[in-house]
Amino acid sequence: MATIENESELHNMSYLNARVHSIIAQNGPLGITNVPSSSTSAKPGDNLQTYLRVRKSQNCETLFKIENDTTLLCKLPKAIQNNRYNDPDNVITKLYKFSRVFGPEASQSQIFIDVVQNRMVDFINGVNCTLLTYGASGSGKTFTIVGNSNEPGIIPRSLEFLFRALPDLRHLPSIKPTPHGSILRLSKSESSNANSITNKLLSELQDINNHRVVYSAMQKELQDEAFPMVDENISDIHLSVWISFAEIYNEYVYDLLVPAMKRTEVRKKLRLVYLKNNAYIKNLTYVNVSSASDAYCVLQYGLQNLNYASTSINDHSSRSHSIFTIRLAQASNTKEGISVSAFNFCDLAGSERMKKTNNIGDRLKESNSINTSLMVLGRCISAIRDTQKLNNSHMIPFRDSKFTQLFQNALSGKETIFMIVNINPISNMFDESMHVLNFSAIAKDVTVDEQQLIERPKNKLPNEECQIDISVDDLKIQYAFLCEQIEQEKIDYEEEREYIIQKYKELIQNANTFWESKCQNLQARIVENKRIALDLVDINMQKNNKKRKKISVIIIDSSSDEEADMDELSKKRVNVNANKFKDLKKEMYLLKNRFEVNEVLLQNILKKNQSIQKSIDQSEAIYNDLRCEYHEELEELNLKILKQEETIATLNNYIESYNDKKLEEAIDI
Ligand SMILES: Nc1ncnc2c1ncn2[C@@H]1O[C@H](COP(=O)(O)OP(=O)(O)OP(=O)(O)O)[C@@H](O)[C@H]1O
């Protein structure tokens with residue numbers, strides 16, 4: 001059972017999934033009932049309900065046809081058949097089944113009502129929910145989940161739904177969710193601190209007034225829609241709503257609710273930590289919100305940060321996952337128990353593969369890159385499907401990616417999870433759409449009918465001892481899926497390796513050029529300084545010699561001074577010598593100055609030399625770190641390839657032994 005915590009260290013911890021379902025809410029105070037709609041909440045046994053949304057486009061009918069509310073029919077175009085199967089008359093159709101198929105005419109409101117609304121009710125009643133949107137870049141994932149100012153998507157509608165259902169929260173929060181899925185009672189100063197964090201964040205949002213106008217326009221539009229209300233009699237219940245917004249890019253986790261970085265700064269990476277076997281994002285910001293409009297502005301703040309990141313790195317947005325989470329904390333003064341629930345809205349990275357050079361016709365584009373964590377997600381989902389059959393959960397590679405680590409509970413069916421798959425039905429996105437549909441087929445265990453291509457055998461695998469209930473057809477699909485994954489991974493890793501090596505070479509080259517030119521400069525300056533120093537010594541020696549001569553001249557002159565009968569010539573000589581002495585004195589003074597200046601210069605050069613040496617040492621340390629970092633990554637990648645190859649070998653063995661057995665049976669007959 002959940003508890004109320006006071007540990008101050010919990011302030012540093014953040015998490016995405018509340019793990020403890022509502023206690024109070026399930027007992028009644030916030031208990032609200034579902035709103036009538038065609039959507040159903042998850043039933044026990046429904047692990048991953050999958051919905052399909054087909055984007056608006058022309059020519060949709062030629063490749064895809066919506067057969068009915070739950071079925072999509074795909075027609076493989078002739079060009080593919082010719083290339084792949086060498087049989088122009090072969091007509092291939094595939095049927096994909098979903099919990100619901102939404103055609104291009106489906107509105108944002110319909111999607112929300114039919115897919116999300118009743119799950120929001122479950123969430124208010126204390127249930128954790130996770131929504132994934134999956135699809136190629138441009139297929140409409142962000143449109144579905146966020147929408148735009150004219151057609152608000154799922155998140156703004158969910159926020160409006162939530163705040164309409166809850167009582168007025170426009171006061172300081174008294175409780176805060178903790179990473180354990182329990183609740184922290186806030187002191188007065190902690191409450192007002194939470195409030196000032198929200199105000200500061202909102203004050204940094206660009207165009208906040210526009211966002212507020214957009215939101216109130218949406219509120220007006222939604223005012224006629226049905227909303228549930230929590231029971232009136234909840235005066236002793238403390239409620240608070242908190243928002244977090246995280247991004248996973250290149251397997252690093254970032255907080256989108258921190259002030260925007262300057263272009264040159266590196267974003268702070270957050271760590272995943274484990275608590276009671278659940279992964280959480282440490283130090284992720286939770287922003288307290290007391291109105292739907294504020295929550296919408298917090299969403300915009302995160303999107304502003306996401307947009308900034310996406311302009312600094314090519315193709316960033318379609319290769320990163322964003323996770324917007326609403327948390328609802330409930331605690332009662334009188335009744336026992338608390339409730340913390342989280343609703344995660346995950347906009348997954350674009351699933352498309354990049355075009356490869358060995359292009360066999362337009363439709364046979366091969367991939368050369370796919371987001372690693374999407375691959376791991378696919379692997380986890382297919383492993384979950386298989387292990388449910390084998391009743392063995394040790395093989396699911398949740399820890400292979402940050403996303404699957406975070407959503408392990410939801411993915412393994414312990415929490416409500418559902419997915420909206422988006423496709424853009426235009427012909428030049430055909431390969432991407434098929435890839436997405438095949439992925440969702442594994443996710444939902446969809447019936448895939450490959451007419452005229454593979455006759456589905458009724459036989460089971462021959463290994464009766466293991467009680468494996470996998471058909472050869474399943475194995476073949478799995479085998480093909482794995483082959484494709486291995487190919488993609490190999491290409492991906494090869495590309496990444498090339499890229500790293502290239503960058504590494506560039507780094508070394510640049511460092512060499514830089515330090516070579518620095519050394520040359522230094523050497524030239526040292527030679528110049530030596531020359532100046534020698535000149536100075538030379539000049540000094542000459543001056544000392546002259547001085548000595550002069551003194552002797554003066555001594556001679558003064559001795560002659562004692563003689564009264566000094567002749568005119570001697571006088572002239574004395575004058576000339578006196579002038580010479582003056583000149584020499586002047587010259588000596590100048591040389592002394594020059595010597596001093598040069599000495600300062602020399603000291604400066606020595607100092608610079610020291611700081612350059614320090615920079616060289618630092619660069620060498622960075623260079624060594626980089627070498628170690630990449631070395632580990634490469635090792636890891638190689639290990640992964642090896643693992644995949646082992647799986648393929650095992651599958652091959654299965655198929656071979658199956659074929660052998662069949663052959664033996666045939667011979668016996
Ligand atoms: N059902 C739809 N109706 C109208 N416009 C749509 C629809 N789906 C997508 N769009 C428009 O298509 C464009 C691309 O959609 P969106 O940005 O949502 O794709 P995405 O899948 O999120 O892409 P990425 O992965 O690159 O972020 C946007 O301009 C969006 O407004």
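Just so you know, ligand 1 is whichever comes first in the structure, and atom 1 is the first atom listed for that ligand. In what follows, residues are counted from 1 in the order of the sequence shown.
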Strictly by modelled atom types, are Gln219 and Tyr215 linked by a side-chain donor-acceptor pair under 3.5 Å? no
Partner residues of Thr70 under the side-chain hydrogen bond (donor to acceptor under 3.5 Å, both in side chains) criterion, sequence neighbours left out: Asn68
Could you give all pairs that pass the salt bridge (charged side-chain N to carboxylate O under 4.0 Å, His left out) test and reach residues 292-301, with sequence neighbours left out? Arg212-Asp294
Min N/O separation [X] to ligand 1 under 3.5 Å:
{"X": "Asp347", "value": "no"}
{"X": "Glu151", "value": "no"}
{"X": "Thr144", "value": "no"}

Assess the pair Tyr51 and Phe98: is the distance between their ring centroids shorter than 6.0 Å? no
A student comparing Gly135, Gly147, Ser137, Ala136 should find that the heavy atom closest to atom 26 (O) of ligand 1 comes from Ser137
